[in-house]
Structure formats: structure tokens, C-alpha cells
Amino acid sequence: MTTGLRLVIFDVDGTLVDSQSDIVAAMGAAFAAVDHPLPDRKTVLGVVGLSLDVIFPLLKPDLPTSAHEKMSEAYKNAYMDMRAQAGVAQSSPLYPGALETLQALHAVPDILLGVATGKSKRGLDKLIEGHGLEGLFVTQQVADFHPSKPHPSMIIQAMSDAGVGKEDTVMIGDTSFDMEMAAAAGVRGIGVDWGYHDRERLHHAHLIIDDYAALRPALNDIWSAEL
């Protein structure tokens, strides 16, 4: 086993937490704000992970920028309202095994954890507070400060923050955007099949796992070392 540090970066929605109900409902509010029907659920979940300023032009390219901005604002307001009413734990529950896996990895001295998400900083802060995840992530990359996935900016900054190189960095995510971002940054990606993109869309992944119990062995496989 090498003595250098290693960095494991997690996506959030569809990877750590299942927020699809609130996402779809908030999308409904966004489309209602411009009097347009909501696309089907698969289409909506298919763009999760992208930043809002990319999502609405992608879903409604026929609308002007002012309408896209109105949709973004309606989405954010609706999402915040639902989270405030239900609480983070109910609004965006952790997937089975997620907390235990984060805690176990955090306990390994040479493993650092990070987040790279299409959420805003405010949204990520609320989620971390709501689930008691404070202190687990040494680097937190959010949509406020980066181009949308799959641009590699988030991973590049995370590696810089952590002082870890490409060969010792792994991205964990549920969407093609996460895996394409990892490939663009020159790091390996582990796809998870419990999220919002079908397994077939994760073809850029180094490998794909089907539950959190498989993550530690997957990391061992990638790094050829026992954690």
C-alpha cells in the first residue's frame, strides 16, 4: 500500500441522497412558472447533475433567457420550500449504506473525501447540516463556482484543495455527466446503478457497483491495495 493520500469524490443527488421526488416537484413549479407542461419523469431525472443554467436551456431551447432565469428561480424557491417543510432527512434521504460508508472511509488516515455536485453552496450546506455530515469532506465543489458537469473544473479544484494527484483520485457518481467529468479530468470513475441514469449510460465508468457494500472492494480493485 502506498503512503500517499487518496481522494474519493462523491456526487450528491442520486449517489449519496435520493432527492428525486423533490426534484420532480420543483421542476413542475419551474415549468408552471412559464406555463409549459412538465416533461416526463425520465427526461427530468435524465438531466439531474447538470447546473440549472444548463438544464432549462437544454429542456426548453425554444424559450428566451429571461424565461430560463424565471424557471431557475421558481425551481430554487420550490425546492427550498419543500425542504423547509419536510426536513432534509425526509426530503433527501441518504441511500442505504451511504452514511456508514462515508464514516468508514473517513476513518482511514490516508483517505480524503470530497463532494462535486450540481447543487448550490446553500443547498449543499443545508444537506450536510441536515444529515450531520459536518467534517467529513475536505473539499466541496458546487455549481456556484464552476461550469456545469461534465466540465472537469470541479474535480481539478478538488484535487488541488486536497493535494492529491489524478492517479490517487476517484469520482463516485450515478450519471453519465459524473463519469464524463471524471474522464475529462483524467481520473477514474465508479458508477453507481441506484441513481438517475441507466447503467448503459455509465459507459465512461471504470467500473459500476450496485450497492455501497461494493465500494470499498471497488476502490481496492482500482488502487490494488487494501484500505
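All residue numbers refer to positions in the sequence shown, counting from 1.
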Ignoring hydrogens and angles, tell me if any N or O in the side chain of [X] forms a donor-acceptor pair with the backbone of [Y] under 3.5 Å.
| X | Y | result |
| --- | --- | --- |
| S148 | S51 | yes |
| W194 | T15 | yes |
| H151 | S153 | yes |
| H36 | A30 | no |
| D221 | P217 | no |

>> Quick check on E100: does its CD atom have over 12 non-hydrogen neighbours (other residues, nucleotides or ligands) under 6.0 Å away?
In response: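 More than 12 heavy atoms, drawn from other residues, nucleotides or ligands, come within 6.0 Å of this atom.
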
> More than 12 heavy atoms of other residues, nucleotides or ligands under 6.0 Å from NZ of K70: is that the case?
Replying inline: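 No, the 6.0 Å shell around NZ holds no more than 12 heavy atoms from other groups.
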
Exercise: do [X] and [Y] side chains pair donor with acceptor under 3.5 Å:
| X | Y | value |
| --- | --- | --- |
| K60 | H68 | no |
| S19 | D22 | no |
| T169 | E167 | no |
| Q157 | D161 | yes |

Report yes if some heavy atom in the side chain of [X] is under 4.5 Å from a heavy atom in the side chain of [Y]; otherwise report no.
| X | Y | value |
| --- | --- | --- |
| D198 | K42 | yes |
| R201 | M179 | no |
| L202 | D178 | no |
| Y196 | D13 | yes |
| P61 | F56 | no |
| V24 | L38 | yes |
| E134 | D125 | no |
| H106 | I111 | no |

>> If you apply the rule side chain to side chain donor-acceptor pair (under 3.5 Å), what do you find for T139 with Q141, and how did you get there?
In response: CA-CA 7 Å; T139 179; Q141 306 305 319; 2.7 Å; yes

>> Before you tell me yes or no, could you show the steps for L16 and D11 under side-chain contact (heavy atoms from CB on, under 4.5 Å), namely the whole-Å CA-CA distance, both residues' side-chain angles and the distance that decides it to 0.1 Å?
In response: CA-CA 7 Å; L16 288 176; D11 169 57; over 6 Å; no

Calculate, to the nearest 0.5 Å, the distance between atoms [atom1] and [atom2] belonging to [X] and [Y] respectively.
| X | Y | atom1 | atom2 | value |
| --- | --- | --- | --- | --- |
| L7 | F137 | CG | CZ | 11.5 Å |
| I155 | I9 | CD1 | CD1 | 5.0 Å |
| L136 | H131 | CG | NE2 | 12.0 Å |
| D210 | R199 | CG | CZ | 6.5 Å |
| D174 | D193 | CG | CG | 10.0 Å |
| S176 | E200 | OG | CD | 12.0 Å |

> Does the side-chain contact (heavy atoms from CB on, under 4.5 Å) test come out yes or no for F10 and T117, once each step is laid out?
Replying inline: CA-CA 8 Å; F10 289 86; T117 176; over 6 Å; no

How close do [X] and [Y] get, counting heavy atoms only, and between which atoms?
| X | Y | answer |
| --- | --- | --- |
| L5 | P109 | CD2-O, 4.2 Å |
| A185 | M159 | O-CE, 4.3 Å |
| Y79 | S92 | OH-OG, 3.3 Å |
| G97 | T101 | O-OG1, 2.7 Å |
| A29 | A78 | CB-CB, 3.6 Å |
| A74 | A33 | CB-CB, 3.7 Å |

> Is any side-chain N of the basic residue among D168 and K166 closer than 4.0 Å to the acidic one's carboxylate O?
Replying inline: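 No, D168 and K166 are not salt-bridged.
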
> Taking NZ, NE, NH1 and NH2 as the nitrogens, is one of them in R122 or D144 under 4.0 Å from a carboxylate oxygen of the other?
Replying inline: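 Between D144 and R122 there is no salt bridge, as every charged N stays at least 4.0 Å from the carboxylate O atoms.
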
>> Could you go through V12 and V17, starting from their C-alpha distance and side-chain angles, then the distance that decides it, and tell me whether this counts as side-chain contact (heavy atoms from CB on, under 4.5 Å)?
In response: CA-CA 6 Å; V12 176; V17 300; 3.8 Å; yes

[Y] reachable from [X] in the ILVMFWY side-chain graph, under 4.5 Å edges:
| X | Y | answer |
| --- | --- | --- |
| L102 | I222 | yes |
| F31 | M80 | no |
| V44 | M82 | no |

>> Could you go through M71 and L63, starting from their C-alpha distance and side-chain angles, then the distance that decides it, and tell me whether this counts as side-chain contact (heavy atoms from CB on, under 4.5 Å)?
In response: CA-CA 10 Å; M71 295 173 82; L63 294 179; 4.0 Å; yes

> Can you check whether H197 and F177 have ring centres sitting under 6.0 Å from each other?
Replying inline: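 Here the rings of F177 and H197 have centres that are less than 6.0 Å from each other.
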
